[in-house]
There are 2 protein chains.
Amino acid sequence: MVELAMTEGVPAYIRIRETLRSQIADRTLKRGDRLPSEDELAREFGVSRMTVRKSLEDLLHEGLLYRRHGVGTFVALLHLDREHNRLTDTLNCADGEGIDGRTSLLALEVTPARQKVAGALCFAAGEAVIRIQTLRLANGVPITLHDCHIPHSLFAPILDQQFEVEELWALFEKHGYRVRRAIERIEARQATMEVARLMGTRAGVPILYKERTVYADDGTPVEFTYCYHRGDVYSLTVGLER
Amino acid sequence: MVELAMTEGVPAYIRIRETLRSQIADRTLKRGDRLPSEDELAREFGVSRMTVRKSLEDLLHEGLLYRRHGVGTFVALLHLDREHNRLTDTLNCADGEGIDGRTSLLALEVTPARQKVAGALCFAAGEAVIRIQTLRLANGVPITLHDCHIPHSLFAPILDQQFEVEELWALFEKHGYRVRRAIERIEARQATMEVARLMGTRAGVPILYKERTVYADDGTPVEFTYCYHRGDVYSLTVGLER
DNA sequence: GAGTGGTCTAGACCACCCG
DNA sequence: GGGTGGTCTAGACCACTCG
C-alpha cells in the first residue's frame, strides 16, 4: 500500500490525485506510460475503485492523462500548460518571470454606463457604473491600458474604502460574488490618438484589443473591461479543446 | 418517475443530463431556480444518487449549473456559450449564420521544416513537412490566410489521395490520430506586403496573427499553423475560467 | 478469454447552511 | 434539527481491445 502525501482531513481522492500528479512531474510515471489499472490502484491506495476514478477525473480533464477503453489509462505525451485559460485578475495580470510589473491608477469615477457597458453588465444604459482606468507597466514600459467598469449598485461601498486595484476581485468576494469565468472578444486594431497618448506610443501602432466580461459563479456579470495591449510587446496564449 | 428523452443503450446519466439540459433550455427550469435535491432527483429518475451526481457533473463544468454546499444546486443566471473554446478544423472555421464560406487552396507541397515549425511539431529542423496554404473567404471576401504544416512522417499517404482541405482532421483520424486540443498564441500585427497581396488588402492594415499547434489525444503534435486574420472584419472570442 | 475501462447500485457518514 | 451537497464503499455487470 502506497504512502500518501498530505494528510488530515484532505479527501482521499485529492491525496491520490496529487500523488499521481507528482509522480508524473518527477518522472516516476513517464510520458506514454500506462498507469496501473483502476483495480490495481484501488488496492495500492486502499480505496474503492470509484474513489480511484474520481482521482483520475481532473487529471484526465487537464489532459495529463488519457484513457483508451479496454486498453488502459496513459500519461499523455505532451502536457499542455494548464494556465492558458486561467482567468487572472484584470488589473493585475501576471507578467512572467523576472519582470517588474506595476499598475498605476489613471482614473476612478462613477459615471453613467454607455450602451455597450450596460449591455454587458445586464442593465439599462445610463445606470451608474464605477469606472477604473489603469495602466499596466512591465519594467517601466506601458503594456496594457485597462478601462474597467463595475456595477455601482453592487459595489458602491468600495468607493469609501482604501483599496488596491490589484485586489479588486478580493473585494468582489467580500460582497458575495466569487469570480468564476469570463468571455473575451479579441481584435487587432490600430492605436487611436487617445490610446497612443496614454500608452506612450504613437497612433497607428498595432494594438491587441479585448472586451472582457467577467461573471460570478451564479452567472452575475460583475465587470466589463476594455483592454488595449501593445501589439509589439504583448502576446496572448489560449488553449482550445476538442 | 420522470420519462426520459432518448432510449436504448444510452447510459442513464447521459439521458438524465440531456433531460435536465433541455428543461433548462425550454425554461421548465429557470435561471436562478434551485434544482430538486440529489436524493429527489434520484427518486424521480429511478437511479442511485451517484448516477445523479454523474449527470450533473458536465452541466456544472459547463457553468449551466452551480452548487452551494449545504444549500442546493442552481441554474446559473447567465449561460456562457460553450462553443468559445471549442476547437474547430483549422482550414474550415465556422463563419456563423448566413455567411457563404469557401476555402481555396493556394499551395500544397512537401518542404523541410523551418525551426519554429519543427519545434512545435517536436522534431528536428529540416525534416519534411506537408505544407498546406489556404485562403478562407466569407461572402467572397478574404478573411483568413492559413499556412498549415503537418508531419510528413505521419501523414505522407494523404498526398496520394484526393482530399478536401475541409476534411483534414478526418484524415488524421484515419491515420489513428484523434484531434483533441490546441494552443494558440495570438498577436496584433500589421500586414506585410506578402500577406497583404495574398489577402487582397494593403500592407500595414491590422492583422490578428495566430500560431496554432494542434495535438492528438495522446499528446502528439499533428499540426502547426500560422493564421492571419483580417483585423477589420474578424474577431475572436474566448472563454476563461476561474 | 483475460484484462481493461464504463456504468450503476444501495447504502453510509460527514460538513455545511439555515431557521 | 433537518436538509443539502461531499466523500466513500464493496460490490455488480457490461463493452471494448487484444492476443
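All chains are named by letter (A, B, ...) in the order of the sequence lines, taking the proteins before the strands, and each is independently numbered beginning at 1.
- The nearest whole Å value for the distance from the OH atom in Y66(A) to the C1' atom in dG6(C) is 18 Å.
- For D39(A) and dT9(D), the CG to C1' distance is 14 Å, given to the nearest whole Å.
- By the ring pair (Phe, Tyr, Trp, His ring centres under 6.0 Å) test, H61(A) is found to be paired with H61(B), residues two or more places apart in sequence or in another chain being considered.
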Short heteroatom pairs, N/O only, protein and nucleotides 15-19 of chain C, under 3.5 Å:
from	atom 1	to	atom 2	distance (Å)
dA15(C)	N3	H69(B)	NE2	3.1

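- For dT4(C), one of the phosphate oxygens OP1 or OP2 lies less than 4.0 angstrom from a side-chain nitrogen or oxygen of S37(A).
- Between the P atom of dA10(D) and the CZ atom of R43(A) lies a distance of 14 Å, rounded to the nearest Å.
- Heavy-atom distances under 4.0 Å link DNA chain D to M50(A), T51(A) of residues 50-59 of chain A, given in residue order.
- Each salt bridge (Lys or Arg N to Asp or Glu O under 4.0 Å) pair with one or both residues in residues 45-61 of chain B, not counting sequence neighbours, appears once here: R17(B)-D58(B), E38(B)-R49(B), E38(B)-R53(B).
- Shown here are the salt bridge (Lys or Arg N to Asp or Glu O under 4.0 Å) partners of R114(A), two or more places apart in sequence or in another chain: there are none.
- Counting only heavy atoms from C-beta on, V47(A) has its side chain closest to dT9(D) among dG5(C), dT9(D), dG6(D).
- Between R67(A) and dC16(D), a side-chain N or O to OP1/OP2 separation shorter than 4.0 Å is absent.
- Considering every non-hydrogen atom in both R180(B) and A216(B), the closest pair reads CB-C, 3.8 Å.
- Between F74(B) atom CZ and dG3(D) atom C1' the separation is 12 Å, expressed in whole Å.
- Taking atom CG of residue L41(B) and atom P of nucleotide dA10(C), one finds them 17 Å apart after rounding to whole Å.
- In the set dG5(D), dC8(C), dT9(D), dC8(C) carries the atom at the smallest distance from any side-chain atom of S48(B).
- In this model, the phosphate group of dT4(D) is not approached by any side-chain N or O of T73(B) to a distance below 4.0 Å at OP1 or OP2.
- D39(B) and S37(B) share no side-chain donor-acceptor pair at under 3.5 Å.
- With sequence neighbours left out, the side-chain hydrogen bond (donor to acceptor under 3.5 Å, both in side chains) criterion links T111(B) to no other residue.
- Taking atom CZ of R34(A) as the reference point, atom P of dG3(C) lies 11 Å away to the nearest angstrom.
- dT9(C) atom C1' lies 17 Å from atom CZ of F45(B), rounded to whole Å.
- Under the side-chain hydrogen bond (donor to acceptor under 3.5 Å, both in side chains) criterion, Q133(B) pairs with no residue at all, not counting sequence neighbours.
- As rounded to whole Å, 7 Å separates atom C1' of dG6(D) from atom CZ of R49(B).
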Side-chain polar contacts of residues 148-157 of chain A - donor-acceptor pairs under 3.5 angstrom, sequence neighbours left out - could you list them?
from	atom 1	to	atom 2	distance (Å)
H149(A)	ND1	D147(A)	O	3.2
H149(A)	ND1	F224(A)	O	3.3

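- The salt bridge (Lys or Arg N to Asp or Glu O under 4.0 Å) search around R34(A) returns none, not counting sequence neighbours.
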